[in-house]
Amino acid sequence: MAEITIREAITQGLAEAIETDESVFIMGEDIGEYGGAYSITKGFLEKYGAQRIKDTPISEAAFVGAGIGAAAAGLRPVVELMSMSFSLVAFDQIVNMAANLRYMSGGQIKVPMVIRAPTGAGVQLGATHSQSFETWLAEVPGIYCACPSNPHDALGLLRSSIKSDNPVIFAEHSHLYGSRGDVPDDYYEIPLGEGKVARSGEDLTMVSYGYGVHILEQAAEQMAQDGVDAEIIDLRSLSPVDYDTIVASVQKTGRAVMLDTARRTGGIMSEVVSEVQERAMDYLDGPVMRVGSKDVPWPYNRNLEQDILAQSDDVIKAARKIISF
Amino acid sequence: MAEITIREAITQGLAEAIETDESVFIMGEDIGEYGGAYSITKGFLEKYGAQRIKDTPISEAAFVGAGIGAAAAGLRPVVELMSMSFSLVAFDQIVNMAANLRYMSGGQIKVPMVIRAPTGAGVQLGATHSQSFETWLAEVPGIYCACPSNPHDALGLLRSSIKSDNPVIFAEHSHLYGSRGDVPDDYYEIPLGEGKVARSGEDLTMVSYGYGVHILEQAAEQMAQDGVDAEIIDLRSLSPVDYDTIVASVQKTGRAVMLDTARRTGGIMSEVVSEVQERAMDYLDGPVMRVGSKDVPWPYNRNLEQDILAQSDDVIKAARKIISF
Amino acid sequence: MDPSEKPRIATTGVVTPATPGISPEQKSTNGFDPTRSSSPSLSASIDKDELVRMYRLMLLIRRFEETCGQHYSLGNVRGFLHLYIGQEATGIGAITPLEARDYIVTHYRDHGHALARGLDTNRIMAEMFGKKTGLSKGKGGSMHIFDAAKHFMGGHAIVGAQLPLAAGIALAQQYLETDVVTMVFFGDGATNQGTFHETLNLASVWQLPIIFFMENNLYGMGSAVGRVRLQGADFSDVMGAYDVDTVSVDGMDVVAVREATQTAIDKVRAQGSPIFIEAKTFRFVGHSFADPGDQYRQKSEVEIWRRRDPLVTYPHRLLEYGLATQADLDDLSESVDAEIAAAVEFATNSPEPDLSEAFDDVYA
Amino acid sequence: MDPSEKPRIATTGVVTPATPGISPEQKSTNGFDPTRSSSPSLSASIDKDELVRMYRLMLLIRRFEETCGQHYSLGNVRGFLHLYIGQEATGIGAITPLEARDYIVTHYRDHGHALARGLDTNRIMAEMFGKKTGLSKGKGGSMHIFDAAKHFMGGHAIVGAQLPLAAGIALAQQYLETDVVTMVFFGDGATNQGTFHETLNLASVWQLPIIFFMENNLYGMGSAVGRVRLQGADFSDVMGAYDVDTVSVDGMDVVAVREATQTAIDKVRAQGSPIFIEAKTFRFVGHSFADPGDQYRQKSEVEIWRRRDPLVTYPHRLLEYGLATQADLDDLSESVDAEIAAAVEFATNSPEPDLSEAFDDVYA
Ligand SMILES: Cc1ncc(C[n+]2csc(CCOP(=O)(O)OP(=O)(O)O)c2C)c(N)n1
Ligand SMILES: Cc1ncc(C[n+]2csc(CCOP(=O)(O)OP(=O)(O)O)c2C)c(N)n1
Ligand SMILES: [Mg+2]
Ligand SMILES: [Mg+2]
């Protein structure tokens, strides 16, 4: 057991995959000589060489597409995007090609590829650099999506993602790279689609993923002082969503708040809320509350950005609407 | 009052705009010499000339972006995509540029542009050509989205869209081009964001847009035979969504079914369901039901495609879950 | 084959592109002399049987396409149907010199390539009919023909989207240190997509073992190439930006295409670096079955190209050089008809996929 | 200016690109002779006051950028900060010959262009600080400087995304039959985006009145241009594919850039067709403020380019030719410092936007 950061967990997962599976290689802008925009692959080029660690031109559509092709031809590429926001220029390749190839070919093609990218707002990068397109990509059939909230899950999910025979979007909230946590020495994996009860409680179910889980933890602590015992579910994967775990919790608590750190509209929680209220209506004491960042483009100014970002206060306010404390 | 098709209504709206506003021009692949893949602009090149009717190379990112630039410089481009599915290659231009420019510039830039495209599945075009990305684009702040279900609305919405100072996605369900209806001779507009009660009823609220409204009408007729009086709301715009009209109806009926012709997951109805159950929970007798096409890529085979498509039977089945008949 | 019977050897498949200032008629032939129409080259480097087999494959495509058109009208084939009629010499010349281990990636106008590659005619036809026995189990349709076992990696319907995929397959070959060549087909119109540029740059800077095979049929749907690029049909300068070897070849001359492609394949296999081949060709029919193809181009232009129809000129040449007798050709025509008829029967009699299959093949 | 005092006239801003086989040192200077370092050209076509004003603007950029760096360290400037230090001669040479009615579109490395265009120094700085008085009301930040009234259309942070926007502005000029020129800036790295290719083709086939201005600083973030294109820093062949006139100019020589650009502007204004200008330049600092800039390039390479620092060589030349005295330069330096200090004060004292403003400017 060692305490490491999420950054270190991801670095470890990548190194491990390269060392144990010859078909794994990494590709992306400035991941080699530069060491990665977020230093995830620092030292990799020197250690593993240019065949395994491929610097690319600034051509997301082409190198994401090339990852798909390499995967279709039997390799296991891990493609890094410098930002989830840049996935937009490769959207056709991801949504039309990676996701559909298997289906269109009647099951002949496999696309075992991971697309990793830092995501999320909160560091004043403005409207074009702060977006969370994993919430859209997770909605596409044929794609899996993982969003770890801690080093343990980051490593376990990355292992499953690289081993998956399907395209996986691996979304890393940029706030969390320095976030620390214990990671077992023994090998383990976390299956895609398996959520986790991160805190058990009786009064209220709160659901999020990635950085949102940390916000929920803050909110739960504060609510605990008011005598509210909140259960927290960490989705860990946005596709598949672990509805069984959520519904079981809601059946117990009768109340639910769902948190997206991305914008409220268009976030994955719109899906989750719709589905859960349908599946668990009989158990619900009130509406399923949906909390997310406010529905405007991301501003540069710090106060504005902080005001737009979903915060634990917003979660508590939503909880108050369905439970008095 | 004349009975015309949606195709004719759109053609009329475009012709009118070109004739009355010098800043309006049309741009797209094969809209000129070829007359448009769906013949919307047949004869326009001969009539209005190459300045107003611009054939483009197969470069969606560039010509959508050029539309944004032309709009920012004071013109009112109407850009045609041959299929909503092709918006993916221009997604960065639409989502990051068209939607964000005004905000990022602190309100200095206006983008009065319409992006028109046929959308929807059902004609066996397979996984890459049958998608409905208007549901994603409608979720982006800064973008409006119109989806007419009949010629009257098509013309009225197109007029407002072209006059809007904001980017508007104008989604034309390909099943509906031949759909007929009355259109007044006198000038009128339909404001973006204004839904309509297309059929009033007491027992159940059903919400959709575009081709979905026709499916709801079938369902309503059949349910009427079983003594169920369904109200139908035609959203007409996916952004803004007319929540007031929906909530008012749900307050009356206490029951709601929301229909997307697009895939259930990722459709706009996930948003609508989430929002409506939150706003109207106290009036609801059961969950808000969400119906959509099934969550798989679009197959070519006709039987499979028809089975996946949301149909009136699916609507009736959902209605049965919240109301016995 | 007796050496004394050897046909004259075509010196090269490389032709010079159209120059400015040529007559409209020359222009509409993309720089070719229409009088050459009856004289496709033959070659000693290809044996007689193969030269005849190439004709059979061309005929197979032509009849297959015609049959698809009929069945589209009958409602058995649906969706978009893009016929390859007119371009047969290009596909056959390009694909027959590939080895089984080589990969092919193409666009929606893919039946010709599929047949050239030797995919099962029955199963291609069944895919056209959307049947369970189709290569893609009826889920792909005309635009999405796949046969992974034969390294035929689709059939892709978004213009230009297949190019990065092909580069990735080539990258995998480089990574795995195979000598496998990847060939990717695309049209003149596809050169206007950003992926074309991005992929060429990738292939160039990474020196990938790939052949970019452009079928320049002078139109992207209804857009004459001259209306979407300043240099019109002249693509000779395109590759300057990438430092990729470029070959231009008469796409109506199956032997010229085959020889130029064979040379390119040998080079790519040996050196591992990319090559760009442009075949100058023409589709005789509309863009898709919905398009009569007469709105945006003159009848006369189509006529000029039809004079160079490889299905007319090439068998003529085979006869002329004594490589086949009329009886041989008649037999061959009959066997092609039989193959197509069998394929239609197979497709017709094949079951529809079970409804449950709609939910298969989403995830591996 | 007394004609007898006229400096020697630079014949042209056009330089030949680096040829293969040059020495590593020459290579790192992108084909320039480092001994030319102290001799930027001067020109009789630009009057003395303007030559001095250009120096002042260059100095304004340099000091502005240094100040931004300091305030980034202090936490007053946040987000990504891409400094223009080293490239001042390019921006000033390119932008000063534009007319007020002309449009400018650029990327995230935009403060230099904004200052060159004469945007209010106070309001640019206030935008850097995210203040209400900023040009974009604090919502855009460093990467999104806009001043629509001055036809400065951003500041765009997605590599290559600004190119189609600029083409659209140029298209509007063609449509409105103005003689307005649109100039769009981008880096060497941006040439790898599909939008670069698609936009050039549009501009070429539609003959748009646009100047594509590439600032080739040899690196896209940490990627040396030679690692992302086969031809490395040699962009001479890129435009062949589009038939767009290409000019290559020494980006460290402000007068050379200005003259080459003036010629291009005149041509575009008169003929309405596109021109591509490549300025060979270098950023002395890291890609963004987070990047020390020393991981992927040698100190010696930076040193060689620093010898050509236009902020050293150009004033030297002004003195040498008697266009300014040391006292003039000292005054000018003081006035620049005062302007920057005032801007910092303005930005510091400006209010934060009200929280409610977050909801403004989403829709018109
Ligand atoms: C991104 C995209 N835009 C538009 C289309 C519609 N479309 C299909 S084929 C085609 C023309 C392509 O022309 P070309 O590349 O020359 O190939 P050809 O059809 O002539 O073989 C167009 C515009 C598409 N499928 N994808
Ligand atoms: C589509 C996209 N991919 C990646 C990035 C991250 N990025 C920002 S600037 C840059 C380098 C661009 O280099 P160049 O075009 O040469 O301009 P320079 O920074 O040298 O001025 C990169 C990779 C981005 N902003 N957008
Ligand atoms: Mg073509
Ligand atoms: Mg650069």
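Chain identifiers are assigned alphabetically (A, B, ...) following the order of the sequence lines, protein sequences preceding nucleic acid strands; residue numbering begins at 1 within each chain. Side chains included, hydrogens not; waters and symmetry mates left out as well; all remaining heavy atoms used.
Here C:Asp360 does not pair with C:Lys137 in a salt bridge; the nearest charged N to carboxylate O distance is not below 4.0 Å. With salt bridges taken as basic N to acidic carboxylate O contacts below 4.0 Å, one links C:Arg101 and C:Asp179.
Taking the six-membered ring for Trp and thresholds of 30 and 60 degrees, A:His129 and A:Phe86 have ring planes more than 60 degrees apart, a perpendicular arrangement. Ring-plane geometry between A:Phe133 and A:Phe91 is classed as perpendicular, the angle between the planes exceeding 60 degrees on a 0 to 90 degree scale with a lower cut at 30. The aromatic rings of C:Phe276 and C:Phe186 lie tilted to each other, with the angle between the two planes from 30° to 60°.
With a 4.5 angstrom heavy-atom cutoff, C:His197 does not touch chain A via any of its atoms. Both the backbone and the side chain of C:Ile169 come within contact range of chain A, each with at least one heavy atom under 4.5 Å from a heavy atom of that chain. Using a 4.5 Å cut-off between heavy atoms, C:Asn201 touches chain A through its side chain atoms alone. Contact annotation for C:Ala358: both backbone and side-chain heavy atoms come within less than 4.5 Å of a heavy atom of chain A. With a 4.5 Å cut-off on non-hydrogen atoms, C:Gln173 touches chain A through its side chain but not through its backbone. Of the atoms belonging to A:Gln51, heavy atoms from both backbone and side chain fall under 4.5 Å from chain C.
Note on C:Ala166, C:Ala148, C:Gly138: by heavy-atom pairs under 4.5 Å with chain A, the leading option is C:Ala148. Contact count against chain A (heavy-atom pairs under 4.5 Å) is highest for C:Ile158 among C:Thr195, C:Ile158, C:Thr199. Note on A:Ala99, A:Gly67, A:Gly107, A:Pro167: by heavy-atom pairs under 4.5 Å with chain C, the leading option is A:Gly107. Per-residue heavy-atom pair counts under 4.5 Å with chain C were compared for A:Ser23, A:Ala73, A:Ser59, and the maximum is reached by A:Ser59. Comparing C:Phe146, C:Tyr175, C:Tyr103 by how many heavy-atom pairs each has under 4.5 Å with chain A, the most go to C:Tyr175. Per-residue heavy-atom pair counts under 4.5 Å with chain A were compared for C:His144, C:Glu357, C:Glu127, and the maximum is reached by C:His144. Note on A:Asp92, A:Asp165, A:Ile68: by heavy-atom pairs under 4.5 Å with chain C, the leading option is A:Asp92. Note: C:Ala364 leads C:Ala364, C:Gly194, C:Ala149, C:Gly134 in heavy-atom pairs under 4.5 Å with chain A.
Both the sub-6.0 Å distance and the 45° axial angle are satisfied by C:Arg229 relative to the ring of C:Phe235.
Note: C:Tyr363 and A:Tyr144 meet the aromatic proximity criterion, with ring centroids under 6.0 Å apart.
Residues C:Cys68 and C:Tyr72 are not in side-chain contact: their nearest non-hydrogen atoms beyond the backbone lie 4.5 Å or more apart.
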Worked check of side-chain hydrogen bond (donor to acceptor under 3.5 Å, both in side chains) between C:Ser142 and C:His82: CA-CA 8 Å; C:Ser142 160; C:His82 306 88; 5.0 Å; no
